[in-house]
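What follows is a set of notes on a single structure, which appears directly below.
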Amino acid sequence: MLKECIENVRKNVPLVHNITNYVTVNDVANVLLACGGSPIMSDEPDDVEDITSICGGLNINIGTLNKSSIEGMYRAGAKANELGHVVLLDPVGAGASALRTNTAVGLMDKVKFDVIRGNISEIKTLALGSGTTKGVDADVADAVTEDNLDETVKFAKDLAAKAGCIIAITGAIDLVADGSKCFVIRNGRPEMGKITGTGCQLSGMMTAFVVANPDAKLEAAAAAVCTMGLAGEIGWSKMQEGDGNSTYRNRIIDAIFNMDGETLEKGAKYELR
Amino acid sequence: MLKECIENVRKNVPLVHNITNYVTVNDVANVLLACGGSPIMSDEPDDVEDITSICGGLNINIGTLNKSSIEGMYRAGAKANELGHVVLLDPVGAGASALRTNTAVGLMDKVKFDVIRGNISEIKTLALGSGTTKGVDADVADAVTEDNLDETVKFAKDLAAKAGCIIAITGAIDLVADGSKCFVIRNGRPEMGKITGTGCQLSGMMTAFVVANPDAKLEAAAAAVCTMGLAGEIGWSKMQEGDGNSTYRNRIIDAIFNMDGETLEKGAKYELR
Amino acid sequence: MLKECIENVRKNVPLVHNITNYVTVNDVANVLLACGGSPIMSDEPDDVEDITSICGGLNINIGTLNKSSIEGMYRAGAKANELGHVVLLDPVGAGASALRTNTAVGLMDKVKFDVIRGNISEIKTLALGSGTTKGVDADVADAVTEDNLDETVKFAKDLAAKAGCIIAITGAIDLVADGSKCFVIRNGRPEMGKITGTGCQLSGMMTAFVVANPDAKLEAAAAAVCTMGLAGEIGWSKMQEGDGNSTYRNRIIDAIFNMDGETLEKGAKYELR
């Protein structure tokens, strides 16, 4: 199943419109190319409607939002909804500032999302209207662990049902849920947290996966998470003495570039709850 | 001849002002350094005139244009023209949105360019006022092939004559034309399309080459295309098992860094038509 | 002493708010992660006060300033001062344009900085109100050499006393001074100038070092300079045939990632004047 998901990306070459932060945008573009998609970036309000119209999906990441790009997010979201395109929200730093929280909540109100992907602190902020996000990383107190897994799976499913979209919570354990099913995924490496933007990269790639698999959106979102995590494992296995986070970043993108369906199917570590 | 072109870049260290997209800007800067130039980036309308005044050339790339940077493009272009500096236009995504098409066409109207460099779909958009650009990549239907080469060479020369500047159309086969001559270049690798921004990188580098070779602008533009394509070949030859597009990106820039005149002269594959 | 400085960064994981240029921002983020800090970027005026409030330090880099981000710099600086946070200024291109010079001078007037770090041309511009900056690199005529070292050390100390903050002047020889002491540092490689943004990276890292060492700010700023320079030396020692500035960039960040206190203490080359 995961195999088909990535193969459909490579076959269909989904064009993804990204309104994303300038910190990690280059890696997002290269990851989209690595997985078989095609990226285009545009945040100018007067440009986004045309651009999103020629794409299959829209990835909205609020990482370095500004007044102009926020307007771009709303306009692109409305147009993408009108055209029935896949739309994903990455609420970077929701809970860390009023503007970010309000933008994410406001977007959820006005735009119909297919997927919301964030760390547990960001997602809790969206669910509860408050949060303890420490910058762009999840608060340790929020971490998804084996101990709180049952309740967090329930939280993810409930929020997915309420929000009417897939909820992807990524961290040491990743959850990808709709209202009734939840993938619990255990791929990845803790060292991925030492690279800026693996979450942003995943959001871009996940948009491509969901666009290319319209009849299996939940599975496609889970496949993207497994691809990223497995690439993190493969990339780490190639690290040599003296290598650090910069080389690791390259190796992860390289591993996505080389990922085939069999490798993904075999390496994916997940259970359904 | 190509040899002298790159050697002049390394000797003269041309300072290039870039108004370019935030997706690939870091690679543009590192490629400019790799080839022997020196980059500076500025898009704020109140900053660009001073900045472009201390430079030798101006590279305008509309990849992630916004209202403010568009104003910056016009103001920088006017100042660069006033000072007789080399100015290059990279019409990223012209044809993909009205704003991009209008901005590129409007810039061509107000600013005297020395070179316009884009893919075939973008350049057709500028020539015909319409296009079928699919995002930031050329439409397959537009591709320059051996079959349509004669007519595309003619198209490039005619546009160069009409626009009064060098036209560089890059893709599987690259064309660099003025009104009477056209370099047909066959360097490069198809895998370069799997890296974001090789076109943007080329535009930055081409600006430096033209600045450093004021008496041989056409040859300099062609030399930049050969340098990029040959670096793509050299970089690819160094790829090892497990390497992907991220490592390939690094290897191409590295190959530009190490390119000397002899290697370029020997490796360049071009004919004049 | 340097040993403790870097170990405190790794122990305290300082969260650093960066208002920085979009050219080198990804490398700044990865260097902050490499040294043990944690980065967050935000330049929107309505976002920066909340973001800086949750951080320990603020790194203001004027590299691709615009009207909106300039307002963000002032508002973030004021809030950081109110909260007693560490604030660093990197006056990229001061002297190259009126807007950059005026912004840097204006920020120095309104914001209390702990450190100002730039190349000699930028720092001279701030001190003298004029300069001969050629783009973002120091003018050769300004270079700190063994011949003018005594007077430049005096210049740095005097400016530090007058501005009431640490002055870090980086180049072939680096100076890190307060009003009474000056570290003269001879780490680094000339080839680091062939990578875009090593200065920006250092500013981000230096902010983290100073935040994590509140009782030894001068030593911490010097330790950051030694770390960067030593990483440049270690990275260079790993270069293989065919490697260039792109790979070198990765190797420097990798070397920071792997830097431990002992290596830093042993490899640092400095004297106190």
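Quick note: numbers below take in every heavy atom, side chains included, and nothing from hydrogens, waters or symmetry partners. Naming: A, B, ... by sequence-line order, numbering from 1 per chain.
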Which of A:Val48, A:Asp27, A:Val28, A:Ile51 touches chain B most, by non-hydrogen pairs under 4.5 Å:
A:Ile51
Of B:Asn18, B:Ile40, B:Val16, which meets side-chain contact (heavy atoms from CB on, under 4.5 Å) against B:Cys55?
B:Ile40
Contacting moiety of B:Asn21, where chain A heavy atoms sit under 4.5 Å:
neither
For chain A, which of B:Thr247, B:Asn245, B:Asn66 has the most heavy-atom pairs under 4.5 Å?
B:Asn245
Enumerate donor-acceptor pairs with a distance under 3.5 Å from any side-chain N or O in residues 194-205 of chain A to protein atoms, sequence neighbours excluded.
from     : atom 1 : to       : atom 2 : distance (Å)
A:Lys194 : NZ     : C:Leu33  : O      : 3.3
A:Ser203 : OG     : A:Asp90  : OD2    : 2.7
A:Ser203 : OG     : A:Arg117 : NE     : 2.7
A:Ser203 : OG     : A:Gly199 : O      : 3.4

Could you tell me whether the side chain of A:Leu107 reaches within less than 4.5 Å of the side chain of A:Phe113, counting heavy atoms only?
yes
Pairs of heavy atoms under 4.5 Å with chain B: top-ranked of A:Asn30, A:Ile234, A:Asp254:
A:Asp254
Heavy-atom neighbours of A:Lys110 NZ exceed 12 at 6.0 Å:
no
Given heavy-atom pairs under 4.5 angstrom as the criterion, report whether the side chain, backbone, both or neither of A:Asn258 touches chain B.
side chain
A:Thr20 versus chain B, heavy atoms under 4.5 Å apart: side chain, backbone, both or neither?
backbone
Are any non-hydrogen side-chain atoms of B:Leu175 and B:Ile185 less than 4.5 angstrom apart?
no
Within-4.5 Å side-chain heavy-atom neighbours: A:Met192 and A:Trp236:
no
Using a 4.5 Å cut-off on heavy atoms from C-beta on, say whether the side chain of B:Asp142 contacts that of B:Asn119.
no
B:Asn26, part contacting chain A, at a heavy-atom distance under 4.5 Å
neither
Contacting region of A:Ser68 [heavy-atom separation from chain B under 4.5 Å]:
neither
Proximal component of B:Leu65, with respect to chain A [non-hydrogen, under 4.5 Å]:
both
